[in-house]
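Here is the naming used below: chain letters follow the sequence lines, and residue numbers restart at 1 for every chain.
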Number of protein chains: 2
Amino acid sequence: MRSHVEPDKDNSKNILKRALQRNELITVYCECEVNYEGRAYSKLERGERVIIIKPDKTLLVHKPTGRNPVNWMKEGASIKFDSNNDSLFINAESINPRERMIIKVSKVHLLHSCELSDAEEVSIMGSEADMARMIYEKPYLINPDFKPVSLEEQTKYGYIDVMGHDGEGTLIIIECKRDKAGLNAVQQLRRYVERIKTAKGTDKVIGYIAAPGMTKNSEQMLKDWGFKFAQVEPPMKNVIDKSRQKKLKDYFLNCKK
Amino acid sequence: MRSHVEPDKDNSKNILKRALQRNELITVYCECEVNYEGRAYSKLERGERVIIIKPDKTLLVHKPTGRNPVNWMKEGASIKFDSNNDSLFINAESINPRERMIIKVSKVHLLHSCELSDAEEVSIMGSEADMARMIYEKPYLINPDFKPVSLEEQTKYGYIDVMGHDGEGTLIIIECKRDKAGLNAVQQLRRYVERIKTAKGTDKVIGYIAAPGMTKNSEQMLKDWGFKFAQVEPPMKNVIDKSRQKKLKDYFLNCKK
DNA sequence: GGGGAGAGATGCCGC
DNA sequence: GCGGCATTTCTCCCC
């Protein structure tokens, strides 16, 4: 067999090199196999996938299903293209953590690249931090006597969502969860309460879980440790910033086909 | 202003509808804004992005940076396309959890769709489960006297990676972490040990963290609770399946430009 | 850069 | 479906 470079793969390689240099976002529909070596090993046999290379050198390999890439390299990977008789290679490496990916592309169905300009960042409402702020502003959601003092405080005893007291010398520590609280949430709370008790040399500390609900087991654990539960919904289900939310509501109504 | 349908957007809409019906994987390079309402609220102002719609009705909106989509709908979303004078709309809804996304596309740069056939699943080596199996097979990695009995056991006291005894009536519980163990790992271990102590009515239980390393704080916590640490690397850094790994090594060597 | 914790986490498995 | 938990988690933020 004569040694020669298949024009197709060679052409793809050159297009990709140019696109990478120009920091364009690249999409490749192709048949490929993928090997990854780094934080783990992985092997993906031949199949059809979409590969995306972003301007920041994030590399994604997407199967036809699922939200997450089946293989990926994080931002800042060193990406190189190569080709031989019948394959196009996409090689990506990064240090710290030391990892490496090799994509062997056997067929290129489509190759596209284009500059993307996007200055906007997404804004999200309804996070746990929003919940903590809401509780700080509306302490009666926990308890009529609750007087919040600090918010999202990073103490050396841990990151405490909301902390305060009951006006009669008992400290109150609140752990917020935007979803149903599980065992982990109670453990966190337990750790904070224990540390505060030790640090302040007192037993007058009450721990609260503030969440829309709790799992059965975690409720039991809560009782076992003498903590309390306050049913609180994440703020976007009510209103945290009326004007903003109104605007969003209107937007959704107007767009609704 | 005369009411009319811009051919471009209308055309895009029709192409998208057909592609969706055919279960093709769709890619749209476009200028768009995105609103999401469901588990939270989010708003993303106008900018250039890549939108992917997968055959399983996963919808991804990718910015030019980062590994994760800035907005998404999970598998099985109900997706509809619409257009008016100057915009193309991609609307996605799902029940359980009830959520909704509206993408207003102001410019379509590229629209592509194509069938993807991919029967292969990725295989991964070096997971925590692999680590647990390795320890089960090579108990001396923990302790010369360790006699493992159960592996990845889902008891009502929790999911215990490896459990066994020292041959002298003391139970040994091992929590594996493939990366550096943190406070959470120690808490997990603590929970398992406490539950086993209560269930068996004995104090003769030793807890181990098996991991490549531990954080300072978690090391302190480990000492405080009388647990122990065994330095163990995840198996892919050594060898779990020599033949398989050899093959992979060869592969990487051969591919290495 | 390490450490701790949230995330619209996702995905897997077991009950 | 819920629940507990790992993930090549990712990402942010603070020290």
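- Within the 4.0 angstrom heavy-atom criterion, only backbone atoms of the sugar-phosphate kind lie near B/Q188; the bases stay farther away.
- Under the 4.0 Å criterion applied to side-chain N and carboxylate O atoms, A/R39 and A/E99 are assigned as salt-bridge partners.
- Within 4.0 Å (heavy atoms only), A/E175 reaches sugar-phosphate atoms of the nucleic acid but no base atom.
- By the 4.0 Å N-to-carboxylate-O rule, A/E194 lies close enough to B/R190 to be salt-bridged with it.
- Checking the phosphate oxygens (OP1, OP2) of D/dG3, no side-chain nitrogen or oxygen of A/S218 falls inside 4.0 Å.
- Rounded to the nearest Å, the gap between the C1' atom of D/dT8 and that of C/dG14 is 25 Å.
- Close to C/dG8, at under 4.0 Å from its OP1 or OP2, lies no side-chain N or O of B/N71.
- Atom NZ of B/K197 is surrounded by more than 12 heavy atoms from other residues, nucleotides or ligands within 6.0 Å.
- Residue B/D130 contributes atom CG, which lies 13 Å from atom C1' of D/dT8 at whole-angstrom precision.
- Under 3.5 Å, the side chain of B/N184 and the base of C/dG4 form no donor-acceptor pair of N or O atoms.
- Between the side chain of B/N68 and the base of D/dT11, no donor-acceptor pair under 3.5 Å is found.
- The same atom, P, is picked in D/dC5 and in C/dG8; the two are 23 Å apart, to the nearest Å.
- The base of C/dG6 has none of its N or O atoms less than 3.5 Å from a complementary donor or acceptor on the side chain of A/E128.
- Between A/E121 and B/L44 there is no side-chain heavy-atom pair separated by less than 4.5 Å.
- Counting atom types as modelled, B/Y159 pairs no side-chain N or O with a base atom of D/dG4 as donor and acceptor under 3.5 Å.
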